[in-house]
Amino acid sequence: MKFYFDLLSQPSRALYIFLKVTKTPVEFVKIDLKRLEHLTNEFKAVNRFQKVPCIVDNGFKLSESVAIFRYLMQSNPNISENWYPKDAKSRALVDEFLEYQHIGVRYPCAIYFQTKWLLPTFSGKPPNEKKVREYENLMIKSLDTFENIWLASDQKEFLATKEISFADILACCELEQPRMADFDTFKDRPRLKKWHEKVKKETNPYYDEAHKNVYDIIQSKGKLSSKFDLVFIYRYLRYIKFKKFFE
Amino acid sequence: MKYYYNLLSQPSRALYIFLKLNNIPVEYKDVNLLNGDHLTDEFREINRFQKVPCIVDDDGWKLAESIAILRYLMSKYKNIPDHFYPSEIRARAAVDEYLEWQHLNTRLGCAIYFQIKKKIGPFAAISENPNEGALPIFKFLMESTLEAIETLWLRGKKFLCSDEISFADIIAACEIEQPRMTGYDIFENRPKLKEWYERVRAATNPHYDEAHVIVNKIIARSQKAKL
């Protein structure tokens, strides 16, 4: 099985961590988003949607991180059950988060990050302040729901049940993204902060390994290191489907 | 099991059709969204996210999120035909692929486009304040999604994920009704989409049309408004 990923992508990081923690045998294939590798015809043959993460398993192609996760659990019965419980109700609670997170967590965090940091950094144009505020409000509502609803119960240690599941890894990866735009998602949210530490503890050293570049960017308060090749980034921008969102 | 729903909500319609088609024994509880019944404290006890659809099982156990509910129903009721959510690993993954993709593509594009055009208030609740300026963006997303369905998902097969209908097709059809209610013709220059849509209706009627009585009235009105 080949696993195609780029650690700039939140769901790529989530699957990367999951694969490493569970020691699932795959071939890790890096796709460089900054160099537009995902837009080549060669990669289009791997994933018709031209995105990461995706897998190819003996000719069977699959995209969408959550779909890939379920496929991995079904085809590797040795993986420890806590990641996706077998019991119908416990499993349903993990599913509940995995379905909720697309619009409930991913969308607000990613769009804030892209509007405030990704596009301005690479285009050289200042961020659209009105949009940044709008998306920040949306994101704050999402984080409040996290703190006050998802993590409110004494019945469970993690998002869905008493044990860590894939929901927790995916959620943390999404919440790291806005931090690169100098917004501390965990600040003044004690439950969120405590849970985040627990997730890292359960998945390290792989969590930190997956987030190395992310931590570098957070440290430098959003300033680019010389690692990023600006020529390629300018070309990348012409292809961003949704750059209209941020201008 | 109690099923809380409202036919103005796309995922509510999808599960409604699925439940009726398969004769799954539930108590149907219509939640009046226009009245704000989902925003009451009483309803918050039923679903902490204050949305439909959701279920409360016989023992009081609660679950939200239509796709999570689908999977739970498939695990609980063993006589539902397999093709709705296949048990074979790769066939299932193919359906999962659409069910995950659709949140930020079909759903986001179609629902928000509809919200902005119709100036719908908070109960439509994906984006807090969709405004007129955002319309071109969401129109673009909606049209890209319809194109993806036409040229990628439906390439070489009768339904989205295989040659048999699955829950992916039901939820997709329900979502693409949203722009139709604004007078937008989703089928223009999309022949495969139209054929597929009719196949989905044929495979799920009379329940599909029953779930869409109000939607069809709104579509008819929007057509008249164009003339």
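Here is the naming used below: chain letters follow the sequence lines, and residue numbers restart at 1 for every chain.
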Counting only non-hydrogen atoms closer than 4.5 Å, does [X] touch chain B with its backbone (N, CA, C, O), its side chain (CB onward), both, or neither?
X	value
R91(A)	neither
L98(A)	backbone
F49(A)	side chain
T145(A)	side chain

With a sphere of 6.0 Å drawn around [atom1] of [X], does it hold more than 12 non-hydrogen atoms of other residues, nucleotides or ligands?
X	atom1	value
D59(B)	CG	yes
K192(B)	NZ	yes
K162(A)	NZ	no
E88(B)	CD	yes

Between [atom1] on residue [X] and [atom2] on residue [Y], distance to nearest 0.5 Å:
X	Y	atom1	atom2	value
K89(A)	S75(B)	NZ	OG	9.0 Å
Y107(A)	R107(B)	OH	CZ	12.5 Å
M73(A)	I89(B)	CE	CD1	11.5 Å
S66(B)	E96(A)	OG	CD	11.0 Å

* Asked: Mind checking which of residues 148-175 of chain B sit less than 4.5 Å from chain A, heavy atom to heavy atom?
  ->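 Against chain A, the residues of residues 148-175 of chain B that fall inside the cut-off (heavy atoms, under 4.5 Å) are L152(B), W153(B), K157(B).
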* Taking A152(A), A88(A), P108(A) one by one, which has the highest count of heavy-atom pairs under 4.5 Å against chain B? ->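 Heavy-atom pairs under 4.5 Å are most numerous for A88(A).
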* To do: Start with the C-alpha distance between R71(B) and E99(A), add both sets of side-chain angles, then the distance that settles salt bridge (Lys or Arg N to Asp or Glu O under 4.0 Å), and finish with yes or no.
  => CA-CA 11 Å; R71(B) 290 200 184 91; E99(A) 301 309 319; 3.1 Å; yes
* **Minimum-distance pair of heavy atoms, taken over all atoms of A93(B) and L62(A)** =>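 Closest pair (atom of A93(B), atom of L62(A), distance): O-CD1, 3.5 Å.
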Do [X] and [Y] have side chains that approach each other closer than 4.5 Å (heavy atoms only, starting at C-beta)?
X	Y	result
H102(A)	L108(B)	no
R90(B)	N58(A)	yes
L99(B)	E64(A)	no
D95(A)	Y72(B)	no
L104(B)	I103(A)	yes
W150(A)	R48(B)	yes

* If you measure from the Lys or Arg side-chain nitrogens to the Asp or Glu carboxylate oxygens, is any gap between R70(A) and E97(B) under 4.0 Å? ->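 Salt bridge between R70(A) and E97(B), a charged N being under 4.0 Å from a carboxylate O: no.
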* Contact class of W61(B) relative to chain A, heavy atoms under 4.5 angstrom ->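 Contact with chain A involves the side chain of W61(B) alone.
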